[in-house]
Amino acid sequence: MDLVIRDARVVDGTGTPSYRADVGITDGRITEIRGEGDGPRPTAARTLDADGLALSPGFVDMHAHSDLALLRDPDHSAKAAQGVTLEVLGQDGLSYAPADDRTLAEVRRSIAGWNGDGSDIDFDWRTVGGYLDRLDRNFGGQGIAVNAAYLIPQGTVRMLAVGWEDRPATRAELTRMKELVAQGMAEGAVGMSSGLTYTPGMYAKDAELTELCRVVAAHDGYYCPHHRSYGAGALAAYEEMVQLTRDAGCALHLAHATMNFGVNKGRAPELLSLLDDALAAGADISLDTYPYTPGCTTLVAMLPSWSGEGGPGAVLTRLADGATTERIRHHMEVLGSDGCHGVPIEWDTIEISGVGSPELAGYVGRTVAESARLRGEEPWVTARRLLVEDRLGTTILQHVGHEENVRQIMRHRVHTGGSDGILQGDKPHPRAYGTFPHYLGHYARELGILSLEECVAHLTSRPAARLRLPDRGYVREGYRADLVLFDPDTVAAGSTFDEPRTLPVGIPHVLIDGRFVIQDGARTSELAGRAVRGTGRTAA
């Protein structure tokens with residue numbers, strides 16, 4: 001064998017009690033697991049002493065925004081150092097494939113706050129298959145830092161077929177969207193995402209989404225919606241997605257399944273009851289969450305949807321018109337815009353986490369309300385200034401979550417982990433660098449919300465099952481050697497809201513395909529990641 005990991009505490013992903021064993025690896029796969037007293041110990045060209053360390057499957061980040069980061073950053077320690085061996089990209093209905101020249105320019109501009117403007121990237125693809133191929137041949141054919149799967153972004157698909165108009169798709173446009181989704185699934189996507197509080201995807205009605213989900217289901221994929229509200233009407237929005245996917249016969253994975261804002265304080269049991277009833281009736285549902293209370297998105301996402309019709313250029317035009325901006329302010333501050341989940345915006349909860357323009361760096365780390373007080377102006381005036389001067393590229397932290405909701409949802413049997421990590425900005429959300437060790441250290445070890453074995457199962461085998469991956473998610477013979485070695489007594493997130501880019505502690509080794517990407521706590525030069533393509537059936 002190539003490597004034997006000796007005397008590890010194997011936390012195998014099943015959720016059952018851990019055990020002590022030697023684990024042998026050959027050609028990127030686990031070839032032998034030998035427990036104590038099970039006969040002669042395996043030997044190999046190389047041996048790693050894992051006494052005192054837990055050995056688990058690699059962690060799967062079910063909600064990642066590394067679509068361009070994986071192409072520009074060969075190190076990518078933000079995720080590799082956490083033990084993440086697979087990220088799911090194409091989230092929230094907006095990403096870079098499929099696209100044509102027009103939509104590529106538009107989507108680059110609209111999600112610059114998530115991924116940067118892409119000026120450093122050679123966008124030499126236009127299809128889902130082309131993007132996945134690019135991941136495989138990146139950095140001179142070496143690959144990428146960690147593995148990546150892809151969801152077809154419904155908003156980008158609508159951008160291609162319909163544009164930025166708030167209207168139902170015509171029959172021909174719907175046919176075109178279904179063709180694009182079918183092509184993307186055939187080329188290796190694992191499902192489809194939506195951002196139903198982001199333009200233009202939010203303009204789609206349920207009948208349109210149902211038709212697209214039927215295509216996804218025909219290819220054995222899943223639907224991953226950022227649904228229509230996480231604030232006022234959140235439960236109705238969850239129920240809408242459950243019913244829609246049941247009508248389509250499609251598996252459902254609820255993205256960052258939170259219950260936020262004051263209207264939802266203490267209401268997690270209502271969400272879980274809704275899901276339990278649907279599961280008991282035969283629905284195929286899973287969800288992901290991050291173990292923090294604040295959310296993270298772009299400032300422009302807070303605007304009402306009507307202001308986004310026509311695309312980013314049209315938004316800036318409206319922000320230059322006094323009467324229109326007053327109408328936008330009224331929707332946001334008084335009525336509660338759909339961009340802010342139907343809740344009137346509270347500017348003291350909106351913290352600027354990143355700006356595209358260096359001249360605006362002084363806003364970072366302050367709430368909009370605080371910056372407005374310093375400037376002696378109303379908060380909307382400050383927010384409008386940021387939107388215009390930063391060309392819609394400003395990212396925010398939104399402090400509207402509830403700890404009791406976070407804890408209750410993470411206990412659910414269909415829960416998985418997702419960082420929703422935006423890596424851009426001067427002060428990103430610490431979840432980008434800390435989600436997985438924070439689960440293990442804070443919520444499992446310190447609080448006991450989950451046992452270690454349960455926590456690992458949530459982060460490994462459950463997401464692998466949702467992704468239909470036949471050889472990942474467990475420590476088992478024949479499975480890929482995507483593995484994490486961590487110290488259960490010390491593992492913890494290093495990232496904080498003040499120092500968000502601090503790497504975790506207590507994770508000395510991470511392997512992808514049997515190759516060390518983290519060794520003795522340091523990033524190696526290995527680029528062991530590849531595109532992980534969907535394994536579902538092709539529609540007849």
Side-chain angles (χ1 to χ4, degrees), residues 1-60 75 77 79-86 142-147 436-437 440 451-453 455-457 459-461 464 469-491 504-530 532:
M1 287 180 281
D2 299 327
L3 173 67
V4 168
I5 301 171
R6 289 209 186 281
D7 295 319
R9 176 185 173 184
V10 178
V11 187
D12 64 7
T14 63
T16 57
S18 58
Y19 59 91
R20 193 175 179 89
D22 296 344
V23 177
I25 297 168
T26 305
D27 294 331
R29 292 189 180 268
I30 299 167
T31 48
E32 188 170 353
I33 301 174
R34 188 70 59 85
E36 287 184 306
D38 287 345
R41 305 185 79 173
T43 60
R46 185 177 183 185
T47 300
L48 175 65
D49 181 6
D51 187 30
L53 298 177
L55 174 67
S56 81
F59 306 136
V60 180
D75 183 83
S77 286
K79 295 301 178 66
Q82 292 188 61
V84 171
T85 59
L86 171 61
Q142 296 180 78
I144 48 180
V146 304
N147 295 313
F436 295 88
L440 294 166
S451 71
L452 177 65
E453 289 84 356
C455 189
V456 167
L459 307 181
T460 59
S461 61
L469 302 178
D471 56 358
R472 302 175 198 261
Y474 294 102
V475 180
R476 285 180 178 167
E477 291 180 0
Y479 274 54
R480 290 184 178 272
D482 293 355
L483 301 168
V484 183
L485 285 144
F486 63 92
D487 184 342
D489 295 329
T490 64
V491 62
V505 298
I507 305 179
H509 306 291
V510 180
L511 297 91
I512 296 178
D513 266 3
R515 298 156 60 186
F516 284 94
V517 295
I518 300 290
Q519 187 171 16
D520 296 323
R523 179 71 170 93
T524 72
S525 60
E526 292 284 354
L527 290 168
R530 296 293 183 273
V532 175

inquiry  = Would Ile33 and Val475 count as a side chain to side chain contact (heavy atoms under 4.5 Å, CB included) here? Give the steps.
reply    = CA-CA 9 Å; Ile33 301 174; Val475 180; 4.0 Å; yes
query = For Leu440 and Phe59, what are the C-alpha separation, side-chain angles and deciding distance, and is it a side chain to side chain contact (heavy atoms under 4.5 Å, CB included)?
reply = CA-CA 11 Å; Leu440 294 166; Phe59 306 136; 3.6 Å; yes
task = Assess whether salt bridge (charged side-chain N to carboxylate O under 4.0 Å, His left out) is satisfied between Asp49 and Arg6, documenting all intermediate values.
result = CA-CA 5 Å; Asp49 181 6; Arg6 289 209 186 281; over 6 Å; no
ask   = Does the pair Leu53 and Leu485 meet the rule for a side chain to side chain contact (heavy atoms under 4.5 Å, CB included), with working shown?
value = CA-CA 6 Å; Leu53 298 177; Leu485 285 144; 4.2 Å; yes
task = Test side chain to side chain contact (heavy atoms under 4.5 Å, CB included) on Leu3 and Val23 and set out the steps.
result = CA-CA 8 Å; Leu3 173 67; Val23 177; over 6 Å; no
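We find the CD-OG distance between Gln82 and Ser77 to be 10.5 Å, quoted to the nearest 0.5 Å. How far CG of Asp2 is from OG1 of Thr31: 8.0 Å, rounded to the nearest 0.5 Å. Atom CZ of residue Phe486 and atom CZ of residue Phe436 lie 12.5 Å apart, to the nearest 0.5 angstrom. Taking CE of Met1 as the start and CG of Asp22 as the end, the distance is 9.0 Å to the nearest 0.5 Å. Considering OG of Ser461 and OH of Tyr479, their distance stands at 9.5 Å, rounded to 0.5 Å. One finds the CZ atom of Arg46 at 10.0 Å from the CD1 atom of Ile25 (value rounded to the nearest 0.5 Å).
When side chains are defined from C-beta on, Lys79 does not count as touching Val510, because their heavy atoms never get closer than 4.5 Å. The shortest side-chain heavy-atom distance between Val505 and Val491 does not fall under the 4.5 Å cut-off. Under the 4.5 Å side-chain criterion, counting only non-hydrogen atoms from C-beta, Val146 is not in contact with Thr85.
The pair Arg41-Asp7 meets the salt-bridge criterion, with a side-chain N (NZ, NE, NH1 or NH2) lying under 4.0 Å from an Asp/Glu carboxylate O. Between Arg476 and Asp12, none of the side-chain N atoms (NZ, or NE/NH1/NH2) sits under 4.0 Å from a carboxylate O, so this pair counts as no salt bridge.
Not counting sequence neighbours, the partners of Phe516 by the ring pair (Phe, Tyr, Trp, His ring centres under 6.0 Å) test are His509. Judged as a side-chain hydrogen bond (donor to acceptor under 3.5 Å, both in side chains), and not counting sequence neighbours, the contacts of Arg29 are Asp471.
Put simply, the side chain of Arg34 never gets that close to the backbone of Gly37: no donor and acceptor are under 3.5 Å apart. For Glu36 (side chain) and Ala21 (main-chain N/O), no donor-acceptor pair under 3.5 Å exists by modelled atom type.
With Asp482 as reference, Asp513 is the one residue of Asp513, Thr460, Val517 to meet the side chain to side chain contact (heavy atoms under 4.5 Å, CB included) rule.
For Leu55 against Ile5, the heavy-atom pair with the smallest separation is CD1-CD1, 4.2 Å. The two residues Gly52 and Asp487 have their closest heavy-atom pair at O-OD1, 4.0 Å. Looking at every heavy atom in both residues, Ile518 comes nearest to Ile507 through CG2-O, 4.0 Å. What you find for Thr490 and Gly506 is that their closest heavy atoms are OG1-CA, 3.7 Å. When every heavy atom of Ala457 is checked against every heavy atom of Gly15, the shortest pair comes out as CB-N, 4.0 Å. The minimum heavy-atom distance linking Ala528 with Asn147 is given by the pair O-OD1, 3.9 Å.
Side chains of Thr524 and Gln519: a donor-acceptor N/O pair is absent below 3.5 angstrom, by distance only. A donor-acceptor pair shorter than 3.5 Å can be found between the side chains of Ser18 and Arg9.
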